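What follows is one structure encoded as structure tokens, with my remarks underneath.
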Amino acid sequence: MGYDFKGIEKKWQSYWAKNQTFKANNQSDKPKFYVLDMFPYPSGAGLHVGHPLGYIASDIFARYKRQKGFNVLHPQGYDSFGLPAEQYAIQTGQHPAKTTLENIARYREQLDRMGFSFDWSREVRTSDPSYYKWTQWIFLLLFDHYYCKEADKAMPISTLVGRFELEGNLKVNAVCDSSVSTFSASEWNSYSEEQQLKILLAYRLTYLSDTEVNWCAALGTVLANDEIVNGVSERGGYPVIKKKMRQWSMRIGAYAERLLTGLDRIDWPEPLKEMQRNWIGKSIGAKVFFQVYGHDIKIEVFTTRPDTLFGVTFMTLAPELELVQQLTTPDQKKEVEDYIEKTKHRTERERMADVKNTTGVFTGSYAIHPFTGEQIPIWIGDYVLADYGTGAVMAVPCGDQRDYDFAKVFNLPIKNIFKSVSIEEQAFTEKENTVIDNSDFLSGLSHKNAMKAVIAALEERGCGRGTINYRLRDAIFSRQRYWGEPIPVYYKKGIPHPLTLEDLPLELPEVQKYLPTEEGAPPLGNATHWAWDTCSKTVVDNSLIDHQKVYPLELNTMPGWAGSSWYFYRYMDAQNSSEFVSEKAKNYWQDVDLYLGGNEHATGHLLYSRFWQKFLFDLNLLPVDEYAKKLINQGMILGTSAFVYRKSGTQTYLSKDLLTSEDTVEPIRVDVNLVNASDELDIAALKEWQPHFKQANFEQSKGVFKVGREVEKMSKSKFNVVNPDEICDQYGADTLRMYEMFLGPIEQAKPWNTAGITGVSGFLNKFWRLFYEDNWRVTEEEPSKEALKITHETIKKVTYDIEHFSFNTCVSSFMICVNELHRLKCYSRSILSPLTILLSPFAPHIAEELWENLGHSTSITQEPFPVVNELFLVEENKAYPISFNGKMRFILNLPLDLDQEKIKKAVLEDPRTIEYLNGSTPKKWIIVPSKIINIVC
RNA sequence: GCUCGGGUGGUGGAAUAGGUAGACACGUUGGACUUAAAAUCCAAUGACCAUUGCGGUCGUGCGGGUUCAAGUCCCGCCUCGAGUACCA
């Protein structure tokens with residue numbers, strides 16, 4: 001029998017809770033270290049074995065850092081606003097707050113079982129009014145600021161108003177809606193208050209606008225781009241269409257450049273940074289204005305290849321542009337309208353699937369080339385997207401493949417402007433080694449020089465300028481949902497007005513139903529008390545809205561990413577009711593040293609939170625402008641689904657190995673918990689599990705029924721969920737912790753299987769048996785040299801591996817060490833003590849128990865982590881250990897004094913030994929890998 | 001299509017700066033203990049050849065290259081995965 005993990009785990013978990021072992025202090029002489037996990041959304045399904053992977057890794061690191069003498073902050077909380085609780089509420093009428101609380105209780109219980117060293121006194125919940133008060137407050141700050149491009153930071157709206165009053169907006173260089181027209185100071189001062197507020201709204205960092213949004217009718221809400229996968233909603237897989245709606249947005253685009261350059265200063269995984277770079281999508285080029293022939297209209301285009309300006313032979317506009325109506329001549333009107341109608345009805349999907357078909361229509365109008373004065377036909381085509389750049393392109397068929405295809409289909413001219421390049425077959429899209437030709441003053445220039453020359457010329461003539469364009473869209477901030485933070489805004493004559501900090505938190509009202517109202521308003525429209533009385537500062541009955549001082553409140557709520565964009569600062573000072581975080585706390589903790597989470601948040605949470613960070617940094621509210629120094633993406637643990645195969649149209653199921661290619665069978669998922677490690681199905685249990693299997697006939701082979709396997713995402717609906725509780729019951733939390741680490745590298749996605757868990761379980765029992773075999777067997781003897789050597793090697797290796805987040809190899813090192821000690825029959829206290837400390841971050845319960853048994857009265861979690869001396873064998877004229885970045889190599893100086901025959905023999909026998917002569921010093925050196933020296937010494 | 005990341009035994013995976021590839025674990029086989037089973041312990045386990053012993057040949061997706069030495073570096077392919085997509 002193994003050790004009693006159940007008793008031990010219970011004992012130490014309550015010991016840690018009672019003694020508040022992991023409570024962190026906001027002041028200390030020790031250096032600080034902040035280890036953060038992405039907090040979970042508490043779903044009804046509870047935790048599965050995939051969830052704890054990152055938590056185990058971060059817990060090991062947090063425990064390690066404590067033992068290395070750091071003051072460690074390692075908190076946990078819940079991202080508790082979200083759609084599933086609301087969907088559940090719609091179906092059952094249960095208040096989302098209630099189900100959320102139940103789910104949190106369940107999560108907490110499961111987390112506690114695994115012995116995590118969280119400081120629970122700092123727990124946060126995004127759905128708690130004391131928390132979302134501050135989320136709403138940050139919204140108000142965003143509302144009250146604009147982005148000044150001169151200062152390259154956010155500035156108060158009052159500053160902007162001051163400038164408008166003095167000089168209008170002509171000289172103001174700020175990020176704003178494209179609809180803003182210029183005005184002078186006297187014009188500004190003559191505007192009514194409403195007009196002024198409307199203009200200011202176009203500058204605020206959070207603003208209202210009619211935007212084309214992704215509307216999901218089934219969910220009754222809009223979705224952000226990153227909430228849509230393959231044209232359907234990420235959650236539920238419902239269809240999504242484009243629709244114009246009045247929405248709150250966040251001007252994240254203002255921060256595009258800083259979000260991009262900030263990436264170079266943080267130690268995040270390169271693939272993730274690359275995803276953010278692509279998402280931001282910076283392209284350098286120019287804007288060019290084309291005058292339309294016979295109209296007082298300028299068409300603005302964005303191009304990354306202004307150097308090819310003389311190759312323009314036509315223009316193409318996105319069919320959605322309003323401009324198209326004005327440009328269409330009477331002859332072309334019908335054709336154009338038919339085309340626009342046709343593209344409107346094509347879904348995103350059809351457009352995507354139909355990439356190869358080039359379609360378009362001539363508008364009948366012509367533009368004037370800014371340099372040659374030539375007339376250029378203006379076309380519309382759906383290969384041009386309305387929401388990228390300006391929605392219009394100057395077509396250069398010789399230098400762009402899509403323009404080339406378009407020109408070929410509609411028989412438009414193709415002008416070659418590249419020296420010694422053939423464009424008979426396709427466009428020439430290279431930039432390097434390009435010489436521009438046939439282009440007036442650009443002829444003979446390289447791509448790079450032509451870019452400079454043409455931009456200078458455009459700017460001089462006032463018909464264009466060098467520009468940088470970003471793909472990053474402003475983030476839509478409104479959700480037509482109930483279970484989210486209310487947006488703290490009321491409307492007066494249709495203009496949004498902010499509440500003040502004193503009015504917060506603006507708490508969610510009670511509603512009878514959680515669906516949108518019959519008029520199509522968001523669920524908050526169902527509330528009977530949801531309006532704002534500016535005198536009493538209380539929420540009053542909606543029926544009083546006509547009263548002159550009572551105004552309707554915003555009915556939309558905030559999206560899921562709002563609460564998660566700043567929670568890591570709340571942990572520093574979670575109980576503070578007067579500030580979002582105190583000066584003292586944020587100045588002490590500064591930022592996150594290690595952040596662990598999945599990379600599915602790459603272009604969502606991890607981008608939005610960096611945006612808010614930079615904004616709050618601009619306001620001097622936060623000490624740094626990147627909040628996480630280092631980030632690690634843990635890979636997902638996948639499920640291994642099990643399938644049985646039913647012969648079509650029958651009640652007969654075939655064992656996997658009986659399947660032939662002739663059989664037509666339907667695979668049906670069954671619960672993986674009914675299948676053993678050899679893929680054999682427990683048929684009796686299956687019949688219990690789902691009654692319709694009772695009449696079924698199972699054709700076995702050799703007495704067993706085999707299932708098919710497939711690796712996919714772990715999900716309740718796929719019956720492939722493995723619950724950590726079951727593993728804890730069977731093997732204990734320490735085994736689960738070590739096994740999850742042993743599965744493979746932390747960043748890698750890997751399927752869950754329990755095949756190897758006995759190995760880890762056996763290891764912990766073996767470790768236990770170093771201390772107990774029937775009786776206590778730890779001795780006070782001096783350990784042998786061999787035992788010391790393996791222990792020191794293990795200490796060195798494990799320390800290195802923890803620092804490099806290679807936890808799977810740590811487990812291997814432990815196993816080697818314990819096996820070796822058993823072989824050596826070494827039960828010496830001076831070996832087992834440091835080894836127990838070494839193991840304690842991985843298997844804290846067993847380590848605490850043994851530590852107590854070794855006669856210590858304090859918790860092992862504060863015990864200094866063991867270290868070894870790096871240098872040994874430094875004797876003049878014999879051997880010098882030399883360390884290169886942690887790797888040991890030895891250089892033996894041969895000619896001087898080599899009487900140690902052992903060394904000589906080992907060195908000469910090693911085939912890797914090489915000799916080389918150093919030119920300046922006529923000495924003979926031999927480089928030998930460290931392994932050999934270890935053997936000899 | 002573009003960008004990024006992979007491809008190592010029956011399996012998960014080691015190899016930390018280019019230095020004896022396959023650590024560690026699972027699985028398999030054989031053995032010890034046991035009435036038996038479980039548990040535990042010991043041994044073997046990349047392939048092929050030889051097997052009386054010594055041993056030998058090949059081998060990290062494929063083909064080249066650099067090097068005394070390549071899983072690792074360079075060039076060209078094949079392939080799997082992720083992200084993104086008519087981005088001007």
Side-chain angles (χ1 to χ4, degrees), chain A residues 1-2 225 229 269-279 281-283 285 288 301-306 308 315-316 318 348 351-352 354-359 381-385 387-396 399-403 405-406 429 469-471 599-600 602-603 635-636 677-678 738-739 742-745 747-763 765-766 769 773 796-797 800-801 803-804 806 808-817 819 822-823 884-889 909-916 927-932:
Chain A
M1 256 329 280
N225 284 335
V229 178
E270 203 45 53
L272 189 147
K273 289 207 240 182
E274 198 59 32
M275 276 171 73
Q276 291 208 346
R277 284 189 196 109
N278 290 338
W279 194 260
K282 179 179 184 174
S283 33
V288 184
V301 302
F302 173 75
T303 175
T304 55
R305 294 295 301 275
T308 62
M315 294 182 77
T316 317
E348 283 281 300
R351 259 169 98 157
M352 268 160 69
D354 206 19
V355 170
K356 275 156 206 100
N357 273 341
T358 303
T359 61
D382 69 359
Y383 81 94
V384 179
L385 303 176
D387 59 357
Y388 181 78
T390 58
V393 301
M394 55 175 231
V396 185
D400 183 284
Q401 193 56 46
R402 287 157 320 191
D403 295 346
D405 295 341
F406 198 86
T429 54
N469 195 49
Y470 299 92
R471 199 185 74 106
N599 79 344
E600 64 270 23
T603 53
M636 215 190 305
S678 318
M738 292 199 87
Y739 183 59
F742 185 66
L743 270 178
E747 315 87 348
Q748 196 175 303
K750 51 218 162 226
W752 176 259
N753 72 81
T754 49
I757 201 163
T758 53
V760 173
S761 168
F763 155 73
N765 280 306
K766 261 182 183 172
R769 284 202 309 276
E773 178 109 288
K796 198 174 139 194
K797 176 101 170 75
Y800 182 91
D801 285 347
E803 297 273 2
H804 292 80
S806 176
N808 53 331
T809 52
C810 284
V811 180
S812 295
S813 304
F814 283 127
M815 288 177 175
I816 294 168
C817 184
N819 283 340
H822 269 288
R823 194 182 65 80
F884 301 102
N885 292 352
K887 179 157 186 168
M888 298 292 280
R889 280 186 185 218
E909 277 174 1
D910 186 86
R912 290 169 301 171
T913 301
I914 65 144
E915 299 177 18
Y916 73 92
I927 300 182
V928 184
S930 56
K931 269 186 198 169
I932 295 300

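Keep in mind the model is a prediction, meaning the values are calculated, not measured. All chains are named by letter (A, B, ...) in the order of the sequence lines, taking the proteins before the strands, and each is independently numbered beginning at 1.
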Only residue of A/Asp403, A/Asp400, A/Thr308 satisfying side chain to side chain contact (heavy atoms under 4.5 Å, CB included) with A/Met394 is A/Thr308
Between the protein and nucleotides 2-13 of chain B, which nitrogen or oxygen pairs are less than 3.5 angstrom apart?
residue: B/G12; atom: O2'; partner: A/Leu743; partner atom: O; Å: 2.8
residue: B/G13; atom: OP1; partner: A/Gln748; partner atom: NE2; Å: 2.4

Rounding to the closest angstrom, what is the interatomic distance between B/G71 and B/A21 at atom C1'?
7 Å
Nucleotide nearest A/Thr303 (side chain, heavy atoms from C-beta), chosen from B/A88, B/U16, B/C41:
B/A88
Give the rounded distance in Å between these two atoms: CG of A/Asn765 and C1' of B/C41.
14 Å
Between A/Lys750 (side chain) and A/Gln748 (backbone), is there a donor-acceptor pair under 3.5 Å?
yes
For B/U16, does OP1 or OP2 lie under 4.0 Å from any side-chain N or O of A/Tyr800?
no
By nearest heavy atom, map A/Gly756 and A/Ser283 onto RNA chain B; which one lands nearer the 5' end?
A/Gly756
Please state the P separation for the pair B/U84 and B/A15 - nearest whole angstrom.
31 Å
Checking A/Thr758 against A/Ser761: is there a side-chain donor and acceptor pair closer than 3.5 Å?
no
Across all chains, not counting sequence neighbours, the side chain to side chain contact (heavy atoms under 4.5 Å, CB included) partners of A/Ser812 are A/Phe742
Could you give the distance separating B/C75 and B/C80 at their P atoms, to the nearest angstrom?
23 Å
Spacing between A/Glu773 atom CD and B/A39 atom C1', to the nearest angstrom:
12 Å
Could you check B/G65 for me: syn (within 90° of 0) or anti?
anti
All salt bridge (Lys or Arg N to Asp or Glu O under 4.0 Å) counterparts of A/Lys766, not counting sequence neighbours:
none
Euclidean distance for P, B/G5 against B/G10 (whole angstrom):
29 Å
Measure the distance from CG on A/Asp382 to P on B/C86 and round it to the nearest whole Å.
11 Å
A/Phe302 CZ to B/C86 P: how many Å, rounded?
16 Å
Could you tell me whether A/Arg277 contacts a base, only the sugar-phosphate backbone, or nothing, with contacts defined as non-hydrogen atoms closer than 4.0 Å?
nothing
Between atom CG in A/Asn599 and atom P in B/G81, what is the gap in whole Å?
17 Å
Span that lies between the C1' atom of B/U79 and that of B/U60, in whole angstrom
16 Å
Ring center gap for A/Trp752 and A/Tyr739 short of 6.0 angstrom:
yes
note: A/Met275, atom CE; B/G83, atom P; distance rounded to Å ~ 7 Å
What is the separation between atom NE2 on A/His822 and atom C1' on B/C42, rounded to the nearest whole Å?
15 Å
Contacts of A/Arg471 that satisfy salt bridge (Lys or Arg N to Asp or Glu O under 4.0 Å) - sequence neighbours left out
none
When Watson-Crick pairs (N1 to N3 and N6-O4 or O6-N4) and G-U wobble pairs (N1-O2 and O6-N3) count only below 3.5 Å on both distances, what is the dot-bracket string of RNA chain B, with | for other-strand pairs?
(((((((..(((......[....)))((((((.......))))))((((.....))))..(((((..]....))))))))))))....
By ring pair (Phe, Tyr, Trp, His ring centres under 6.0 Å), which residues pair with A/His804, not counting sequence neighbours?
A/Tyr800
A/Arg823 side-chain N/O to B/C41 phosphate OP1/OP2 under 4.0 Å
no
Distance only, no hydrogens: is a donor on one side chain within 3.5 Å (strictly under) of an acceptor on the other, for A/Tyr383 and A/Thr358?
no
Could you work out, with salt bridge (Lys or Arg N to Asp or Glu O under 4.0 Å) as the rule, every residue matching A/Glu747, not counting sequence neighbours?
none
OP1 or OP2 of B/C41 under 4.0 Å from side-chain N/O of A/Lys766:
yes
Taking atom C1' of B/C26 as reference, at what distance in whole Å does atom CZ of A/Phe763 sit?
16 Å
Using a cut-off of strictly less than 4.0 Å, decide whether A/Asn819 has a side-chain nitrogen or oxygen near OP1 or OP2 of B/C41.
no
Distance check, C1' atoms only: B/A88 and B/C4, in whole angstrom units.
24 Å
Detail all sub-3.5 Å separations between protein N/O atoms and N/O atoms belonging to nucleotides 27-34 of chain B.
none

Partners of A/Ser283 by side chain to side chain contact (heavy atoms under 4.5 Å, CB included), sequence neighbours excluded?
A/Phe302, A/Thr304, A/Tyr388, A/Asn469
Rounded to whole angstrom, note down the C1' distance from B/A82 over to B/C58.
35 Å
Quick one: list whatever passes side chain to side chain contact (heavy atoms under 4.5 Å, CB included) with A/Glu803, sequence neighbours left out.
A/Tyr64
Under the rule for salt bridge (Lys or Arg N to Asp or Glu O under 4.0 Å), what residues qualify as partners of A/Glu773, not counting sequence neighbours?
A/Arg769, A/Arg777
How far, in whole Å, is B/U34 from B/G55 if one measures between their P atoms?
37 Å
Of A/Met394 and A/Ser806, whose closest RNA chain B nucleotide lies nearer the 5' terminus?
A/Ser806
Partner residues of A/Ala602 under the side chain to side chain contact (heavy atoms under 4.5 Å, CB included) criterion, sequence neighbours left out:
A/Leu272, A/Met275
